Amino acid sequence: MDQASDARRIAGGLQPSQLVRRHAAAHSTPQGPGTAAPTGQAPYDPLRLCIFATIALLGWLAGPVALVAFAALGFAGYWKARRRGLARSKCFLRDTRLVLAYLGVLLAAGLYGTYLVAGRLFGV
């Protein structure tokens, strides 16, 4: 399964648990968990789940500062891609103008949250 088909399934109404079951079934070994994979076939590695958990941890630890960093990075990347001619993205919003607007709103929300946290910490 690729990311685009997963996104279409999510948009089509499948529950996350159904996606996980289908994905696990497609990548499981017939022997079951804890057994070696057949010769020449590597077992499925759910790397994306580790990456998502790490991003969630960073967001939890850094709060609105992490939102500012990720939104700014995404905005800069999409701005550069749009200037080079990208009009449609693989992002759910498709149109890069919508993606830029979305990331701009996230950036503004993160900056406001950072301002509020700084105000509480420093009594401003």
Side-chain angles (χ1 to χ4, degrees):
M1 289 185 194
D2 63 348
Q3 290 177 349
S5 66
D6 285 346
R8 283 191 295 276
R9 286 192 180 114
I10 290 171
L14 286 179
Q15 297 294 320
S17 59
Q18 291 170 320
L19 281 174
V20 170
R21 277 193 297 258
R22 285 184 182 186
H23 196 66
H27 296 295
S28 66
T29 59
Q31 295 86 8
T35 59
T39 310
Q41 181 183 11
Y44 171 70
D45 182 6
L47 174 65
R48 282 187 257 174
L49 298 176
C50 183
I51 292 170
F52 295 154
T54 303
I55 291 171
L57 173 65
L58 292 173
W60 180 71
L61 290 174
V65 175
L67 179 58
V68 169
F70 286 116
L73 182 65
F75 190 90
Y78 268 97
W79 182 266
K80 191 174 186 178
R82 180 150 178 86
R83 290 183 52 105
R84 291 184 176 173
L86 181 68
R88 286 188 59 79
S89 171
K90 292 180 184 176
C91 178
F92 180 75
L93 297 173
R94 298 286 182 227
D95 188 344
T96 54
R97 293 173 295 186
L98 292 175
V99 176
L100 285 167
Y102 169 71
L103 291 171
V105 168
L106 290 182
L107 183 58
L111 288 171
Y112 182 68
T114 303
Y115 169 76
L116 291 178
V117 169
R120 287 186 183 160
L121 288 176
F122 302 115
V124 176

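Predicted model only: the values in this text are computed from it and were never measured.
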List the atom of Arg94, the atom of Lys90, and the distance in Å for their closest heavy-atom pair.
-> NH1-O, 3.3 Å
In the hydrophobic clustering (ILVMFWY, side-chain contacts below 4.5 Å, transitive), which residues join Trp60, or is it alone?
-> Leu57, Leu61
Among the clusters formed by ILVMFWY side chains lying less than 4.5 Å apart, do Tyr102 and Ile55 turn up in the same one?
-> no
Enter the distance from Leu116:CG to Leu121:CG here, rounded to the nearest 0.5 Å.
-> 11.0 Å
Between Leu103 and Phe75, which heavy-atom pair has the shortest distance, and what is it?
-> CD1-N, 3.6 Å
Mind checking the OG1-CH2 spacing from Thr96 to Trp79? Nearest 0.5 Å is all I need.
-> 10.0 Å
Identify, with sequence neighbours excluded, every residue that meets side chain to side chain contact (heavy atoms under 4.5 Å, CB included) alongside Leu73.
-> none
Between Gly59 and Ala66, what is the shortest heavy-atom contact and its length?
-> CA-CB, 3.9 Å
Can you give the donor-acceptor pairs under 3.5 Å from side chains of residues 104-111 to other protein atoms, not counting sequence neighbours?
none

Residues in salt bridge (Lys or Arg N to Asp or Glu O under 4.0 Å) with Arg82, at least two apart?
-> none
Partner set under side-chain hydrogen bond (donor to acceptor under 3.5 Å, both in side chains) for Tyr78, not counting sequence neighbours | Ser89
